[in-house]
Amino acid sequence: MVVFKLFACCIPVKGFANYIICDLQRAAFINIPEVLYEILTVHKNKEISKIKHNYNKENYRFIDEYFEYLENNEYGFWCDIDEIKNFPDLNLKFESSELINNAIIDIDKNSKHDYGKIFNELNELRCKFIEIRSFDILRICDLCEILYHTNSKIFRNIDIIIKYYRDIENDINENKLFSKFTNINAVSIHSSPKNEKSFNGKLVYSKKVIKTCNDCGEIDIDKFTLNIDTFTEAQHFNTCLNKKVSIDSNGNIKNCPAFNYSYGNVNEGDSIRNVVRSQEFSRYWPITKDQIQTCKDCEYRYICSDCRAFVDSIFDKPKKCNYNPYTGKWE
Amino acid sequence: MILIISKEHTELSTEEVIDWIDFFGKDFIRINGDEFFKKGNVEITLNNSELVIKYKDIEIPFGKINSVWFRRWWDRDFHDLYDNKNINYSIVDQLIFHQSGNIVSLRDLLFKYLDKKKWLSHPSKIAINKIHVLVEASKVGLNIPETKICSTKKELIDFFNIHKKIISKDLNDPIFFFDEQYCYTSITNAISRQKILNLPDEFFPSFFQKLVEKKFEIRVFYLNKKCYSMAIFSQSDKQTKIDFRNYNEDKPNRFVPYKLPRDIEKKIIQLMQNLDLTTGSIDMIKNKTGDYIFLEINPVGQFGMVSKPCNYYLEKEVAEYLISQDNG
Ligand code: SF4
Ligand code: SF4
């Protein structure tokens with residue numbers, strides 16, 4: 001005797017109006033009807049004949065079709081009833097060895113950052129992901145000067161966001177940016193005349209204008225992240241602010257650069273390590289989507305990003321999200 | 001103090017174990033095998049009976065080290081010999097042979113002074129023989145595939161006629177080599193009648209097994225009497241039917257957490273103890289009739305590929321094990 005089992009990495013999530021299966025290995029999600037959600041959760045690990053007892057005869061055909069669809073698209077498999085116990089669910093725990101995992105460094109034309117100090121401190125904190133964001137024009141040769149300070153450090157991924165200028169692609173080539181700094185994940189160019197990608201998607205032009213740190217926090221289906229890391233983190237922590245440190249363009253040490261309050265200033269000699277260790281600094285980290293109004297009824301709550309800077313109150317849905325989980329529509 | 005012997009550029013799991021060791025506030029030093037031999041990195045001084053080994057200007061504190069993690073050492077890489085314009089290429093091979101000897105004796109010196117430490121795992125232990133492991137696995141009661149090592153076409157045809165579907169494997173670890181266009185590797189291959197007929201009458205002694213028709217594969221990461229298992233579903237995809245290392249990028253196989261029955265786990269623990277192995281990756285198959293078939297052990301297995309899809313946090317387990325060794 002067999003039952004249909006979803007692969008452990010394919011997890012059904014219920015929203016108010018819609019239901020999805022998050023595929024955390026193939027980084028995709030599919031919408032499913034309410035009854036299929038019910039079959040996969042309430043009637044989990046039951047034989048198909050037993051499942052059918054709960055529904056009208058007219059629906060049997062649909063139930064068969066659902067399973068056929070899930071099997072053909074490799075969301076699950078037929079499992080011997082004796083073997084169910086050998087296939088545990090994915091545990092959703094989230095643990096981290098890092099105090100700080102990602103950092104934003106904002107730059108404008110007035111910034112006077114001590115990059116040597118900043119990157120040394122982030123390295124000591126074993127921070128893995130760096131985002132360097134420049135609101136004003138930053139020439140590639142000047143960017144390289146900054147990036148030299150990231151050499152032989154622990155940083156796994158460096159994302160760069162800079163403002164468009166005319167010879168930018170030429171400068172990238174001349175400075176051999178991508179071959180010199182192999183941990184650059186992508187360079188995004190804002191305020192561009194075009195939307196376009198080149199260098200195998202590593203260079204992204206966008207018409208979007210980023211003037212200040214307030215041009216952040218949009219929730220967008222293209223930025224959904226489907227993987228075990230984010231999905232498990234979202235069960236326990238805030239997916240934007242957890243283990244994040246930001247240096248705003250004036251050198252203030254903050255959790256998010258758009259927050260008003262800061263806890264110190266790198267350029268005035270404060271140590272990032274001391275600042276991030278304070279209780280105060282991490283106060284928003286434990287806010288999960290399950291605690292946020294509206295979001296807690298949304299099927300995307302474990303895969304979309306979050307924003308706590310632009311909200312009416314701290315437990316409200318991000319203002320820059322246009323999705324309405326009660327209608328199931330982007331508005 | 002924990003000594004980590006690794007390579008300069010390794011996979012993420014090494015870095016993550018180090019992150020956890022650091023998180024627990026434990027001291028460690030790391031030696032990268034490939035850097036050890038780079039010019040300018042090592043200095044060995046003999047002060048009468050005292051030997052001082054300095055690596056990148058830091059003296060290796062043999063007295064403080066209790067636990068050694070031997071992750072990777074060094075891949076044969078003699079590029080700089082070939083890059084030397086003045087070299088006579090006909091002697092390069094001989095030079096490499098000689099240079100390998102020098103490297104081995106330097107390495108052995110280092111390892112000798114670490115001999116009494118607690119290793120995960122000592123290089124002498126990880127040199128296991130695939131066929132011997134099969135015999136031992138069978139002794140503890142695990143099922144193994146019918147196996148034949150032969151060097152004549154006639155014997156191979158006999159083996160083929162009995163089993164109909166057979167595969168060939170590497171007697172040793174699989175090898176990868178590259179030219180400008182391709183990567184060649186010696187992973188598991190199906191052997192058809194046609195392939196056998198094309199063989200010469202006699203050939204190098206080679207390793208053949210009956211093909212096990214699988215429901216799914218199982219990869220077990222074993223550490224200190226515990227089994228962390230994962231099922232791999234690759235059946236629906238022709239490309240990965242024989243050996244799942246033929247990755248199919250577009251539709252990756254399904255990797256899901258798996259719990260082996262207790263009696264199979266017990267046999268694995270027994271086997272690992274008999275082989276004196278503290279850790280390793282074990283490949284198994286669950287066949288169409290529901291039996292577990294043991295295939296092989298890789299003593300320095302990649303645990304990242306089990307840890308991540310199953311969310312097991314094996315990097316933390318390894319770090320905790322190393323720390324416990326170091327403390328006691
Ligand atoms: S909280 Fe909002 S503004 Fe701040 S970094 Fe996150 S998304 Fe951006
Ligand atoms: S409503 Fe909340 S959970 Fe849903 S997409 Fe918007 S921000 Fe994400």
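In what follows, every chain begins at residue 1, and chains take the letters A, B, ... in the order their sequences are listed.
At least one side-chain heavy atom of B:Lys215 sits under 4.5 Å from a side-chain heavy atom of A:Asp80. Side-chain contact between A:Gln25 and B:Pro309 is present, with at least one heavy-atom pair separated by less than 4.5 Å. Side chains of B:Arg254 and A:Phe77 form no contact here, defined as non-hydrogen atoms less than 4.5 Å apart. Counting heavy atoms from C-beta on, the side chains of A:Lys128 and B:Glu15 never come closer than 4.5 Å. At a threshold of 4.5 Å between non-hydrogen side-chain atoms, the residues A:Glu98 and B:Asp19 count as touching.
The number of heavy atoms from other shown groups lying within 6.0 Å of NZ (A:Lys93) is above 12.
In this structure, the portion of A:Leu92 lying under 4.5 Å from any heavy atom of chain B is its backbone and not its side chain. Heavy-atom distances place the side chain of A:Thr232, and not its backbone, under 4.5 Å from chain B. Within the 4.5 angstrom heavy-atom criterion, only backbone atoms of A:Lys85 (N, CA, C, O) approach chain B. In this structure, chain A has heavy atoms under 4.5 Å from both the backbone and the side chain of B:Tyr258. Looking at A:Leu90, both its backbone and its side chain come within 4.5 Å of chain B, counting heavy atoms on both sides. With a 4.5 angstrom heavy-atom cutoff, B:Ile18 touches chain A via backbone and side-chain atoms both.
How far OG of A:Ser96 is from CZ of B:Phe23: 7.5 Å, rounded to the nearest 0.5 Å.
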